[in-house]
Amino acid sequence: MFQKEVYAERRLKLKQELSKGLAVFMANQEAAFNYPANTYAYRQDSHFSYFFGLNHPGFAGVIDFENGNEIIFGDDVDIDDIIWMGPQPSIKEQAWQVGISETYSYSKLEDYLAKASKSGRTIHYLPPYRGSMMITLGQLLNIPATEVKAKASLPLIKAVVKLKEIKSELEVSEIEKAVDIAWLMHTTAMKMAKPGMIEQEIAGTIEGIALAHGGPVSFPVILSVDGQTLHNHHHHNVLKEGRMLVVDAGTETQTLYASDITRTTPVGGKFSTRQKEIYEIVLKANMDTIAAIKPEISYREVHFLAAHIITDGLKNLGLMKGNTNDAVAAGAHTLFLPHGLGHMMGMDVHDMEGLGENNVGYDDETKRSSQFGTAYLRLGKKLKPGFVLTDEPGIYFIPALIDKFRSEGLFKDFVNYDKVDTYKDLGGIRIEDDILVTENGNRVLGRPIPKTIAEVEATCAEAREWLKIPGVF
Ligand code: GLY
Ligand code: MN
Ligand code: MN
């Protein structure tokens, strides 16, 4: 947890954005894994944590925009809880740690909200993403659970996005800690990417690194020799020479700030010529687009820069043809890059995505494209200093997509399908970094993670050592 002033200042800034009504922020509840008492590892709601800091289930926080009151609703533990969980600070003590003096039992929340509602006051809340929270909020607000999400407050969503999209130095330093741990996760995976290994051995080891540093991982580890499957979460394949291992993984700090890094490693430590040729295109797309990141440029423009680089590169190899501008305008590159260049990152790895992708990544000036592939671009709007985002171009040879586009006669003027067919066994390559937009340009966050062919091959050749990132937790 940060010092109480951090949370007090965040609440103050929110009060400067809204003047009517009050906002209620719900802490996450415990979530059952396979029976009620066996729960998933507890994860606090990111918005509750941002404004109220406490990593405790079942609390609620209220900010009143009219009288300025700040309240935490929650209960002290009883002797049964102490027997099972050990002694806990009182609700008063916990609230005081985040600069709040007014507390009530959680059982008072329903009455409190009912009274506010009766007197015609607006109760702002953010859209819930867990079914149980929809039911809880429905009961508290006396609306059907199925309507809770749609009735969330757009003014509160907009205010929260406005505050949270600009990261403070403190937040950036947390994200950098998360990237430093990802450095160890990814360099370890490179060293383990030997023929005969099973993916799960590497996935388990790197998730263990996250946990050993206070983890958890910021999203389920994506690790596969089938890198053409973008978010492959099964880890049963045996690594074989000639394949590449895509590892997309990150961790989060105890204050819940994420990292999200992808590296692609040749099994056995040496890229083949064909792999190198494709890898260099993805690397150029990653590095040249990073160089373009600066305030006022729209991320959609940066995304299309990646599309141009990939199209040019594939043309040089004879996989694509025709005029690059025309090919990109038609969307032919989406056969190879069927996703967006990146997304906002913060306390959620796709930062604030639960508030609605368009509320976070788009605005009145930049509207989302409906073109296949480009529609997956989660961040399109103009960049501002303080944004933290990912830059993650890739090239994938997805046999089913190649066959589909070909059979539908799509992009015949831009794709050499006969040659592309010979690449159907290549898999996929993605390279992803976490970037801070600065006043004049950008900064790639954290300890540099091997990325060029020479760096990746050199890391693969190193012996694995057990390390801990100093001073992280
Ligand atoms: N880790 C999922 C993504 O890169 O967006
Ligand atoms: Mn990722
Ligand atoms: Mn990402």
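All ligand and atom numbering here is 1-based and tracks the order in the structure. Start at 1 with the first residue, then count along the sequence.
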message: Determine whether a donor-acceptor pair (N or O, by modelled atom type, separation under 3.5 Å) exists between the side chain of Ser259 and the backbone of Ala178.
response: yes
field: Partner residues of Lys382 under the salt bridge (charged side-chain N to carboxylate O under 4.0 Å, His left out) criterion, sequence neighbours left out
entry: Glu296, Glu365
query: Can we say Arg430 and Asp248 salt-bridge, meaning some charged N sits less than 4.0 Å from an Asp/Glu carboxylate O?
result: yes
- prompt: Can you tell me how far CE of Met352 sits from NE2 of His343, rounded to the nearest 0.5 angstrom?
  reply: 12.5 Å
- prompt: Do the two ring centres, one from Phe25 and one from Phe48, sit under 6.0 Å apart?
  reply: no
field: Sole candidate of Tyr396, Phe414, Phe397 that passes ring-ring contact (aromatic ring centres under 6.0 Å, His included) when paired with Phe336
entry: Phe397
field: Under-2.8 Å neighbours of the Mn ion (ligand 3), protein N/O/S atoms only
entry: 4
- request: Please find out if less than 6.0 Å separates the ring center of Tyr50 from that of His47.
  value: no
message: Listing request: all salt bridge (charged side-chain N to carboxylate O under 4.0 Å, His left out) pairs with a residue in residues 273-283, at least two apart in sequence or in separate chains.
response: Arg274-Asp425
task: Sort out for me which residue in Glu252, Glu171, Glu174 forms a side-chain hydrogen bond (donor to acceptor under 3.5 Å, both in side chains) with Tyr257.
output: Glu171
Neighbouring residues of ligand 1, heavy-atom cut-off under 4.0 Å: Phe219, His231, Asp248, Asp260, His343, His350, Glu392, Glu432
